[in-house]
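Everything numeric here is computed off the predicted structure, so don't read it as measured data. Each chain gets a letter, A, B and so on, in the order the sequences are listed, and its residues count up from 1.
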Amino acid sequence: MSQLNDAAAPDEGTGAAAHPEFPTHFDFRSAETTLSEAWEAARLFRAEAARTTRAGGERDPFTILIPPPNVTAVLHVGHGLNNTVQDVLIRWRRMVGDEALWLPGTDHAGIATQNVVEKILATEGKTRFDVGREAFVERTEAFVEETGGLILKQLRAIGASADWSRTAYTFSPALSRAVREAFVRLHERGLVYRGHRVIHWCPRCLTSLSDEEAEFHDSVGKLYHIRYALADDASQGLTIATTRPETLLADVAVAVHPDDARYAAFVGRTVALPLTGIALPVIADAYVERAFGTGALKITPAHDANDFDVGKRHGLAMPVVISPEGRMGEIVDAAGRVPAELRGLDRFDARRRIVQQLEASGALVKVETHAHSVRHCYRCDTVVEPRLSDQWFVRMAPLAEPALAAVKDGAVRLLPEKWEKVYINWLEGIRDWNISRQLWWGHRVPVWTCGDCGHADAHREDPTACGTCGGTKLEQDPDVFDTWFSSWLWPISTLGWPDEESEDLKAFFPSDVLVTAPDILFFWVARMIMAGYAFMGRAPFHSVYLHGTVRDMKHRKMSKSLGNGIDPLDVVERYGADALRWTLIQGMGLGVDVMLDPDDLDKSFAPGRNFATKLWNIGRFILLQVGEDPVTPLAQVDAAAFTLADRWILGRLDAAIAECDAALGPARPRAGHWPPADRQVGLRLDAYAEAARRFVWNELADWYVEAVKARLAERGADREVARAVLVHMFDQGLRLLHPIMPFVTEALWQRLPGATPGRFLAASRWPSTARTDWRGARDSRGGAHTGGSEFDVVREAIDAIRRLRSEYAVTPGQTIRTYVAKGDGGAVLVENAALVHRLARSEVHVGAAPAGAAAHAVLPSGLELALPLEGMVDLEKECARLRVELAGLARQLGALRGRLANEQFTARAPAEVVEGERAKEREWSARAEQLSAKVAELCG
RNA sequence: GGGCGAAUAGCUCAGCUGGUCAGAGCACCUGCCUUACACGCAGGGUGUCGGGGGUUCGAGUCCCUCUUCGCCCA
């Protein structure tokens, strides 16, 4: 059989009669397409504002807003993970009965998209400046028009049940209006300002960046110790330490700590800047760290943010010597500072040259290797240059306040919990946000300056005349906004804000769960919360689910550049979308990274495909055995007609539903805020997946389906009961699994007896234990002993017989006999003799085994089994085996009795714990007695 | 430099508010084409829960400390 699942191939015989209408494998390729189209045609994923309780309807709204991928993005496995999580949640809530809206869309991704188009231009030998701003923007629009949004189509292929009719785009006219409104409102509230300060500048992208966009990368650099001689006495001087000697051309002072005795005598004197001889004052400032380097610091206010603060405190000049492109030059207030031979040199070339010159002049004292962090542009990885410039800033402290309170008081929770601390830590030290970018692709800053009177103001509509002097020589600010300045409005702009009467805004805001990766916690999540409070007066969602990262087997992040990525569409093609989804969900603990092996897709995705096949075959069995005749609804079955197995599986279903619900929910805080006890509860997708899988595979398929086979073979009332239970169980199992594996479950559900065209599993009701009306029919002995119910006694016996068969290497086909000692438990085995026979190949007899060698077992339920295995059982071995078992039991019992004998324990432990231990002791000692009697009898 | 977190079976990880919690999946070994499924079925085991100390009647589970690793921020 080929590696690839080629469902079109004829069944390869395993003896089963071929059923051309029901092959042994699920043809996921054709089913996925067909079902996607059917769902879409039925408009199952369209949310209606009017149906929500907020609009007077019946349903609770449940909203998830997609973290908009970059408009130029191509689906990678990280998107796969992110969107699968969202889809699982939205399908779950849709089935529960919420008016579920998953709103999709894309981000224009200012700097990223501009870079893509610039690269295309570069292949034509052009820069954006060659084509000009207007033409460049047009070209980018055309590019986005043509290639953008591909990722949304790809999301459909993995089963994303988003409301595509509401697809949003951050640069659309509607959302652009929101961006403009937001800026103007902040401007009106005095929360934006034009700041003259040192910002992060990318010399390649030629734009400023926010603090968050300038990422730290650890690197090993050099620490240069340079001597600055006193201007009036070259025999004395100060040695400073710097990692960036090229910036010394812009030095305006040397600073030492005010309490530093070593340098006290220098403060107030003047030193000569090496190379140029410019006179610099020696100043004292507590910012200087005495222990770092030499304890003396050169001050370069225009090229270092900390030095800028020092410069401001001391009223120092701020010459700029590095150009936007990163070249040395006398850019601003720097006349006479840059020697001619250095002008125009790249900053790193200049560094080398300057170090040579310092060395030649004797000013270079020493060079040390030095591990430090250097900021890089998050889009192009270029080393960022701190540069003095004018930018627009948002005053963040007032915005941060409610966002901080939101998490502290439980209006918003972050999962996993550790991120709450990170979030709080960041917000408590919040810095103002540089929102202007010197790019062309983005929302233009809506500020116009009058050429006549110089008045500048922000405008909702493009102004035609100056509001102050009436002049018409108005010029718009050339900058555009940080792309995140539109993203932070996503939860409100996509729903219609600033139109506060928007139906969607009223019905679906605030949203519910935000699903994203922690790397954009500050970029995006925190700012959305701030925007929610700033513009709507409340948090935009109540839960933030921060999932892990997809990594390879060496724990490296999957990325194109490393070549260790996995193409989700390739996985869909080879294993099916359900397999992809299953693997991602079941392997994902809360916030835990998902490890996948790009070199061995089978290892990661075969289990998902195998599970889909397993489901398919359970369905195949049911369809072929149960037939198409109408099936009695479970509620109409007389409870008295249920067998032990029926009652057992009914109980297991309730347990599975309860486990799935407990793993997933609660979906929302009960009273607007998360009480401490609920803050970290729910969204355990792996636990949900495992509970559902275990029910369907290990309980329904492994036991119930086997148990029911004999009953299906004979016509009569009991067959109808079995059919009713079986179909109900499978139906419910499919529902539990549908959010994770939508395709195979829907395909099977459509084929269940009673399925009607136009009805979809995707729109069916989520299972509920509350709606079961057979609860009174539950196993009469349920929970009476640790084995659980009466059916568990049967399972226990079958397990024991199987183990003994294996132990004594009984030929698989050989039927043996099992004797069960008289006692009330034995009757259960006799009742289920057919099942024991089918699953353990053994007859059941009551009474003592005939004389001769036999294998023995004492079950937790107290049942004693004897399997006469003449010629196979070695008495010595059997004795040894039983003694080992007895010894193990005795050891545990000893520890247990020790505990119970300890008065400290019985007196201080909670009563129910003590009682539990006592019950355990009774059960274990009974079993130990039985075992030891058995050993005495057999082994003397 | 500041903050946060993790160390549990060969691998990836569960183990919530301390009392069968020493588990799951994968991998591995043995035997089976037992007529839904070999993408399957049955059976099989391995861990001083990173080291040390403490709290407790009782600790992977709480506290301290050390070691190693990771993340975020400056």
Query raised in the report: To the nearest 0.5 Å, how far apart are CD1 in Ile649(A) and CZ in Phe695(A)?
Result: 4.5 Å

Query raised in the report: Any side-chain N or O of Arg694(A) under 4.0 Å from OP1/OP2 of G25(B)?
Result: no

Query raised in the report: Once the angle between the rings of Phe523(A) and Tyr378(A) is folded into 0 to 90°, is it parallel (under 30°), tilted (30 to 60°) or perpendicular (over 60°)?
Result: parallel

Query raised in the report: Can you tell me how far C1' of A42(B) sits from CG of Asn698(A), to the nearest Å?
Result: 13 Å

**Report entry** A27(B) versus C63(B) - spacing of their P atoms, nearest Å
**Finding:** 37 Å

Requested in this report: From the options C39(B), G43(B), A74(B), select the nucleotide whose nearest atom is closest to the side chain of Ser806(A).
Outcome: G43(B)

**Report entry** Selected nucleotide, minimal atom distance to Arg802(A) side chain, candidates A42(B), A36(B), C72(B)
**Finding:** A42(B)

Report task. Answer with base, sugar-phosphate or nothing: what part of the nucleic acid does Asp519(A) contact at a heavy-atom distance below 4.0 Å? Result -> nothing

**Report entry** Trp697(A), nearest nucleotide to its side chain (from G40(B), C39(B), C13(B))
**Finding:** G40(B)

Requested in this report: Using the C1' atoms only, state how far G2(B) lies from G10(B), rounded to an integer number of Å.
Outcome: 38 Å

Requested in this report: Write down the distance between CD1 (Ile424(A)) and P (C71(B)), rounded to a whole number of angstrom.
Outcome: 22 Å

Requested in this report: For Arg551(A), report the nucleic acid contact type (base, sugar-phosphate, nothing); a contact means any heavy atom under 4.0 Å.
Outcome: nothing

Report task. Could you check whether Val705(A) gets within reach of a base, just the sugar-phosphate, or nothing at all, counting any heavy atom under 4.0 Å? Result -> base

Query raised in the report: Under 4.0 angstrom, heavy atoms only, what part of the nucleic acid is Asn306(A) near: base, sugar-phosphate, or nothing?
Result: nothing

Requested in this report: Write down the distance separating the P atoms in U30(B) and C66(B), rounded off to the nearest Å.
Outcome: 49 Å

Query raised in the report: To the nearest Å, how far apart are Ile585(A) CD1 and C13(B) P?
Result: 16 Å

**Report entry** Plane angle bin for Trp697(A) and Phe611(A) - parallel if under 30°, tilted between 30 and 60°, otherwise perpendicular
**Finding:** parallel

Requested in this report: Please measure how far the P atom in A42(B) lies from the corresponding atom in C33(B), and state the result in whole Å.
Outcome: 15 Å

Requested in this report: Determine the contact category for Trp924(A): base if any of its heavy atoms lies under 4.0 Å from a base atom, sugar-phosphate if only primed atoms, P, OP1 or OP2 are that close, otherwise nothing.
Outcome: base

Report task. Round to a whole Å and report the spacing from OH of Tyr704(A) to P of C37(B). Result -> 20 Å

**Report entry** Sugar-phosphate only, base, or nothing, as touched by Phe522(A) at under 4.0 Å among non-hydrogen atoms
**Finding:** sugar-phosphate

Requested in this report: Would you classify Lys614(A) as touching base, sugar-phosphate or nothing, given that sugar-phosphate means primed atoms plus P, OP1 and OP2, and contacts are heavy atoms under 4.0 Å?
Outcome: base

Query - Nucleotide nearest Val592(A) (side chain, heavy atoms from C-beta), chosen from C39(B), A14(B), C4(B) - result: A14(B)

Query raised in the report: Rounding to the closest angstrom, what is the interatomic distance between U34(B) and A38(B) at atom C1'?
Result: 13 Å

**Report entry** Whole-Å distance separating the CG atom of Asp27(A) from the P atom of C37(B)
**Finding:** 18 Å

Report task. Would you classify Ala612(A) as touching base, sugar-phosphate or nothing, given that sugar-phosphate means primed atoms plus P, OP1 and OP2, and contacts are heavy atoms under 4.0 Å? Result -> nothing

Query raised in the report: Nearest of A74(B), A36(B), U34(B) to any side-chain atom of Glu706(A)?
Result: A36(B)

Query raised in the report: Leu596(A) has an atom CG; how far is it from atom C1' of G25(B), in whole Å?
Result: 14 Å

Query raised in the report: So, is Lys603(A) close to the A27(B) phosphate, meaning a side-chain N or O under 4.0 Å from OP1 or OP2?
Result: no

Requested in this report: Tell me what Lys709(A) touches on the nucleic acid: a base, only sugar-phosphate, or nothing, going by heavy atoms under 4.0 Å.
Outcome: base

**Report entry** Complementary nucleotide for C41(B) - Watson-Crick or wobble, under 3.5 Å
**Finding:** G31(B)

**Report entry** Any Asn610(A) side-chain N or O less than 4.0 Å from OP1/OP2 of G40(B)
**Finding:** yes

Query raised in the report: Looking at C41(B), A74(B), U12(B), which one has an atom nearest to any side-chain atom of Asp702(A)?
Result: C41(B)

Query raised in the report: For the pair made of CG in Asp552(A) and C1' in C11(B), what is the distance, rounded to whole Å?
Result: 14 Å

Query raised in the report: Taking the C1' atom of each, how far is U8(B) from C72(B), in whole Å?
Result: 26 Å

**Report entry** Shortest side-chain distance from Lys418(A), nucleotide among C4(B), C37(B), C39(B)
**Finding:** C4(B)

Query - Nucleotide of A74(B), C4(B), A36(B) approaching Asn617(A) most closely (side-chain heavy atoms) - result: A36(B)

Query raised in the report: Which nucleotide in the list C32(B), G5(B), A42(B) gets nearest to the side chain of Pro812(A)?
Result: C32(B)

Requested in this report: Quick one: look up who A24(B) pairs with, Watson-Crick or G-U, both distances under 3.5 Å, and put none if it's unpaired.
Outcome: U12(B)

Query raised in the report: Any Lys/Arg nitrogen of Arg413(A) or Glu420(A) sitting under 4.0 Å from an Asp/Glu carboxylate oxygen of the other?
Result: no

Requested in this report: May I ask you to say what Trp419(A) touches in the nucleic acid, namely base, sugar-phosphate or nothing, with a heavy-atom cut-off under 4.0 Å?
Outcome: sugar-phosphate

Query raised in the report: Between C39(B), U34(B), C4(B), which nucleotide has the shortest distance from any of its atoms to the side chain of Arg841(A)?
Result: U34(B)

Report summary line: When both distances are under 3.5 Å in a Watson-Crick or G-U wobble arrangement, the nucleotide paired with C4(B) is G70(B)

Query raised in the report: What closest approach, in Å, do Pro518(A) and Trp419(A) show between heavy atoms, and which atom pair accounts for it?
Result: CB-CZ2, 3.3 Å

